[in-house]
Protein chains: 2
Amino acid sequence: MTSRLDITILVTTVVMTLKQISTRFSIAVHTLSLIAVSPNDCTGDFIAGSVNTNPVVIRRIMGMLKKAGLVDVRPGVGGATLLKDLDRITLLDVYRAVNVTEENQLFRIHENPNINCPVGRNIEQVLQAELKDAQSAMEQRLAGTTLDQLISKFE
Amino acid sequence: MTSRLDITILVTTVVMTLKQISTRFSIAVHTLSLIAVSPNDCTGDFIAGSVNTNPVVIRRIMGMLKKAGLVDVRPGVGGATLLKDLDRITLLDVYRAVNVTEENQLFRIHENPNINCPVGRNIEQVLQAELKDAQSAMEQRLAGTTLDQLISKFE
DNA sequence: CTAAGTTGTAACTAATATTGTTATAACTAA
DNA sequence: TTAGTTATAACAATATTAGTTACAACTTAG
């Protein structure tokens with residue numbers, strides 16, 4: 001006669017990470033702060049050395065800041081200058097400069113719900129309004145801080 | 001004698017799209033609303049039909065809502081029930097249930113800046129505080145709406 | 001007890017975003 | 001003319017999302 005007991009214990013840990021807002025934003029803030037603090041010789045290489053990344057990453061972000069009218073970058077000679085006063089540049093300005101999204105929508109809503117269902121028929125419009133407000137609350141907080149204020153907190 | 005004129009016009013359009021917050025969130029809101037409105041026969045297939053997606057997508061999200069203590073899902077028999085009253089479930093509860101991130105940080109900040117630079121030395125701490133506030137403003141807005149309020153806006 | 005329907009979940013794919021990298025053309029001033 | 005720089009294309013590695021198929025485990029009706 002044989003007797004047998006099998007016990008299997010399986011522990012599975014699933015780590016999911018939400019895609020967060022790109023470091024482009026924080027790098028852009030870093031870059032603008034550096035241009036403000038060290039107006040001379042702010043080349044892509046110099047900034048990359050402070051941010052600790054590749055110069056091309058900086059130049060890509062500089063291109064966005066340039067397109068947003070925040071900086072002037074001089075090809076050839078190098079270096080960048082701010083086109084607006086520090087107390088006229090808010091974190092929201094920078095956020096918008098580097099987060100090029102269609103419609104600037106932070107939240108996505110699933111598409112084509114079933115309109116034969118009372119929930120499917122209404123969810124998009126009702127939820128859209130709520131999420132717009134939530135995004136707006138975040139952005140208004142960003143708009144409340146200027147680079148001037150930010151830099152004044154450096155030690 | 002040859003005369004030659006070359007004109008090249010190159011127009012490049014670069015469309016960048018920021019990764020937005022996953023549709024998991026809106027699908028989860030949809031799902032919970034549906035369970036509230038149609039408490040009977042709310043199986044994964046039924047919900048998927050209303051959301052217009054694959055049932056596995058729904059079951060994955062249901063698993064997260066279950067883990068967050070918002071719903072009870074019965075294996076085998078099927079169907080889900082809400083574990084909290086509609087006026088006690090906020091959009092923030094749902095958001096947190098499906099956006100499993102380390103530290104729940106919406107914003108990322110670039111790592112290892114150069115500490116020999118006054119900007120690199122300070123940027124992380126100073127910016128972190130600002131972004132935390134901005135994220136908090138968004139979340140508090142989400143916390144201000146319950147599923148009860150949301151559903152009452154359906155026509 | 002069996003059959004039908006369901007949940008739970010693994011595994012895979014396609015599409016897309018991010019970040020870093022190399023390479024090269026074009027530009028500017030000494 | 002030369003050295004240093006910006007602008008940008010191209011590519012790789014990595015990661016997330018959303019959809020899909022497949023299958024084991026579960027529950028209840030009959």
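Letters A, B, ... mirror the listed sequences (proteins, then strands); counts begin at 1.
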Parallel, tilted or perpendicular for His110(A) and His30(B), by the 30°/60° rule?
tilted
Is Thr23(B) close to Ile109(A) at the side-chain level, that is, under 4.5 Å between some pair of heavy atoms?
no
Atom CD1 of Ile61(B) and atom P of dT7(C) are separated, to the nearest Å, by 14 Å
Are the side chain of Ser22(A) and the backbone N or O of Arg24(A) linked by a donor-acceptor pair below 3.5 Å?
yes
Show which side-chain atoms of residues 76-90 of chain B pair as donor or acceptor with protein atoms under 3.5 Å away, not counting sequence neighbours.
unit_1, atom_1, unit_2, atom_2, d
Lys84(B), NZ, Arg88(B), O, 3.4
Thr90(B), OG1, Leu92(B), N, 3.2
Thr90(B), OG1, Asp93(B), N, 3.1
Thr90(B), OG1, Asp93(B), OD2, 3.2

Salt bridge Arg96(B)-Glu139(B), side-chain N to carboxylate O under 4.0 Å:
yes
Residue pairs meeting ring-ring contact (aromatic ring centres under 6.0 Å, His included), one or both in residues 31-88 of chain A, sequence neighbours left out, come to none
Who pairs with Glu130(B) by salt bridge (Lys or Arg N to Asp or Glu O under 4.0 Å), at least two apart in sequence or on another chain?
Arg141(A), Lys153(A)
So if I define the base as every atom that isn't primed, P, OP1 or OP2, how would nucleotides 19-29 of chain C read as a B/S/- string at a heavy-atom cutoff under 4.0 Å?
BBBBB---BS-
Checking the side chain of Asn114(A) only, and the main-chain atoms of Val51(B) only, is there a donor and an acceptor separated by less than 3.5 Å?
no
Going from OG on Ser50(A) to CG on Asn116(B), what distance comes out if it is rounded to the nearest 0.5 angstrom?
9.5 Å
For the pair made of CZ in Phe107(A) and P in dT17(D), what is the distance, rounded to whole Å?
14 Å
Side chains of Leu34(B) and Cys117(A): does their closest heavy-atom pair fall under 4.5 Å?
yes
Base, sugar-phosphate, or nothing for Gly79(A), non-hydrogen atoms under 4.0 angstrom?
sugar-phosphate
Starting at atom CG of Leu65(B), determine the distance to atom C1' of dT7(C), rounded to an integer number of angstrom.
14 Å
Between CE of Met62(B) and P of dT9(C) the distance, given in whole Å, is 13 Å
Which ones in residues 115-122 of chain A lie close to DNA chain D, meaning a heavy atom under 4.0 Å from one of its atoms?
none
Can you check the Phe25(B) CZ to dA18(D) P distance for me, whole Å?
13 Å
side-chain N/O Lys66(B) vs dG8(C) OP1/OP2, d < 4.0 Å
yes
Determine whether a donor-acceptor pair (N or O, by modelled atom type, separation under 3.5 Å) exists between the side chain of Ser136(B) and the backbone of Lys132(B).
no
Residues in contact with DNA chain C, drawn from residues 40-51 of chain B - heavy-atom cutoff 4.0 Å:
Thr43(B), Gly44(B)
With both distances under 3.5 angstrom, what nucleotide forms a Watson-Crick or G-U wobble pair with dA30(C)?
dT1(D)
